[in-house]
Amino acid sequence: MKPLDADTLKNTVREVVESTPILDMHTHVYDPAFGPLLLWGIDDLLTYHYVAAELFRVAPLPYDRYWAMTKAEKADYAWKHLFVERSPVSEACRGVLTILHSLGLDTSGRELAPLRQYFASQTVEKYIDRVFESAGVSSVVMTNDPFDDAERPVWEKGYARSLRFQAALRIDPLLNDWPAAARRLKEWGYDVRGDLGAGDVDAVRRFLGDWIKRMKPRYMAVSLPPTFAFPENTPCGTLIEKCILPAAREAGIAFALMVGVRRAVNPSLKLAGDGVGRAEVAAVDRLCSRYPDNRFLVTMLGRENQHELCVSARKHPNLLLFGCWWFINIPSLIEETTRMRVELLGLSFVPQHSDVRVLDQLIYKWSHSRAIIADVLTDKYADLIASGWTLREQDIRRDVALLMSGNFTRFCPPMK
Ligand code: RAT
Ligand code: ZN
């Protein structure tokens with residue numbers, strides 16, 4: 001294959017980035033075996049919490065009146081205020097339009113009824129195929145919480161696993177509210193006193209081992225507040241050192257930390273009510289250097305943390321940065337963050353995860369991010385060509401495959 005020149009570079013990079021299958025390493029969608037937990041279609045898109053937060057800014061109404069509405073009423077309300085009475089320029093609103101456009105739906109009448117008709121005529125199985133294909137995603141990693149009463153029975157009963165929807169064991173309730181978690185563990189037959197003594201440590205290890213065996217997760221994960229410190233003489237610190245890290249080592253899986261979320265800044269907004277705060281990156285440094293036999297996936301929510309976190313990743317081979325999380329997942333910050341990561345880390349990071357809660361969002365989250373990743377890579381390859389480096393299309397294919405799936409797969413291989 002002949003080397004690429006600067007003129008053909010842009011199109012080649014774009015084509016490669018668009019056609020390379022993605023392993024989406026953090027989402028909140030479910031295998032269809034979880035029934036109603038899998039969200040899809042126009043009403044779920046318009047009631048997505050990113051959209052709901054924007055709705056309250058322009059159409060103030062008592063919170064309880066909104067929450068008492070049916071899903072379709074909430075969707076009507078969002079459509080009216082965010083799409084009809086003003087232009088839907090925010091990233092969350094634009095995303096809805098990217099999805100509808102890519103499905104070939106006409107929005108020129110600005111009516112919800114024909115859109116609803118389209119979704120009503122789909123079957124979930126066929127629609128999943130269509131979305132995965134259109135988004136260019138080969139598989140997604142779910143967020144699986146054994147403390148979730150809607151989800152737990154499905155795991156306990158068991159279902160035929162598919163490669164498309166892989167598991168991640170999420171343990172927020174265990175780390176963020178130990179007294180409540182201890183009560184649940186006791187209810188489920190684990191011999192827990194709540195004092196985090198040797199007996200409790202054994203019981204939590206058994207609990208984790210049972211769920212790792214049941215779910216075969218790609219990793220264990222937690223989201224943490226900006227105040228996260230390590231080491232720390234708190235239930236969270238003790239549980240991490242005595243239970244989570246040994247369990248992760250034994251199972252050979254990574255531990256993912258998503259740091260910087262201030263939960264319930266406005267509780268009336270429910271899921272839409274969380275905020276962001278600046279976290280202490282040194283806590284991650286200490287975790288990685290004290291536990292070299294553990295692997296850590298880390299993302300942070302604050303823009304202010306991104307540079308320091310990149311520098312940390314340069315220091316610790318057992319740390320893999322991932323994604324532009326939540327409030328960072330907007331074009332201006334994806335661009336800035338991805339550019340900085342390439343400059344400091346080369347190709348040794350996972351540039352994006354989608355965090356989708358509604359299946360259809362795979363289409364917009366990935367098409368928006370892919371365009372930015374391609375632009376950043378084009379600039380970096382152009383710099384190499386200008387320095388006399390010969391670049392071939394197969395080099396680009398190899399590099400993009402690392403970013404889209406290879407780096408994650410190497411760090412978090414599937415469990416046997
Ligand atoms: O991005 C989101 O949808 C947030 O609501 C959270 O789910 C966050 O990503 C998390 O995993 O805690
Ligand atoms: Zn998430």
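Excluded from the calculations below are hydrogen atoms, water molecules and symmetry mates; all remaining heavy atoms, backbone and side chain alike, are included. In what follows, residues are counted from 1 in the order of the sequence shown. Numbering of ligands and ligand atoms starts at 1, following listing order.
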Closest approach to the Zn ion (ligand 2) by Asp355, given as the N, O or S atom name: OD1
Under-4.0 Å heavy-atom contact with ligand 1, by part of Arg170 that carries it: side chain
Gln361, portion touching ligand 1 at heavy-atom distance under 4.0 Å: neither
Check: Asp360/Tyr127 side-chain N/O donor and acceptor closer than 3.5 Å: yes
Gln352-Ser369 side chain donor-acceptor pair, cut-off 3.5 Å: yes
In this structure, is the centre-to-centre distance between the rings of [Y] and [X] below 6.0 Å?
X: Phe147; Y: Phe207; result: yes
X: Phe255; Y: Tyr291; result: no
X: Tyr159; Y: Phe34; result: yes
X: Phe132; Y: Phe165; result: yes

Arg214 NZ/CZ over Trp211 ring centroid, <6.0 Å and within 45° of normal: yes
Nearest candidate to atom 9 (O) of ligand 1, where distance is taken over non-hydrogen atoms, out of Asp355, Val356, Asn329: Asp355
Atoms of ligand 1 close to Arg263 [distance to a heavy atom under 4.0 angstrom, numbered from 1]: 12 (O)
Proximal atoms of ligand 1 relative to His26 (non-hydrogen, under 4.0 Å): 9 (O), 11 (O)
What protein heavy atom sits nearest [atom], and how far away is it?
atom: atom 7 (O) of ligand 1; answer: Arg357 NH2, 2.3 Å
atom: atom 1 (O) of ligand 1; answer: Tyr50 OH, 2.7 Å
atom: atom 8 (C) of ligand 1; answer: Trp325 NE1, 3.4 Å
atom: atom 5 (O) of ligand 1; answer: His49 NE2, 2.9 Å

Exceeds 12 heavy-atom contacts within 6.0 angstrom, atom NE2 of His307: no
The Zn ion (ligand 2) to nearest N/O/S of His353 less than 2.8 Å: no
Geometry at the Zn ion (ligand 2) - His28 NE2 versus His26 NE2 angle, rounded to 10 degrees: 110°
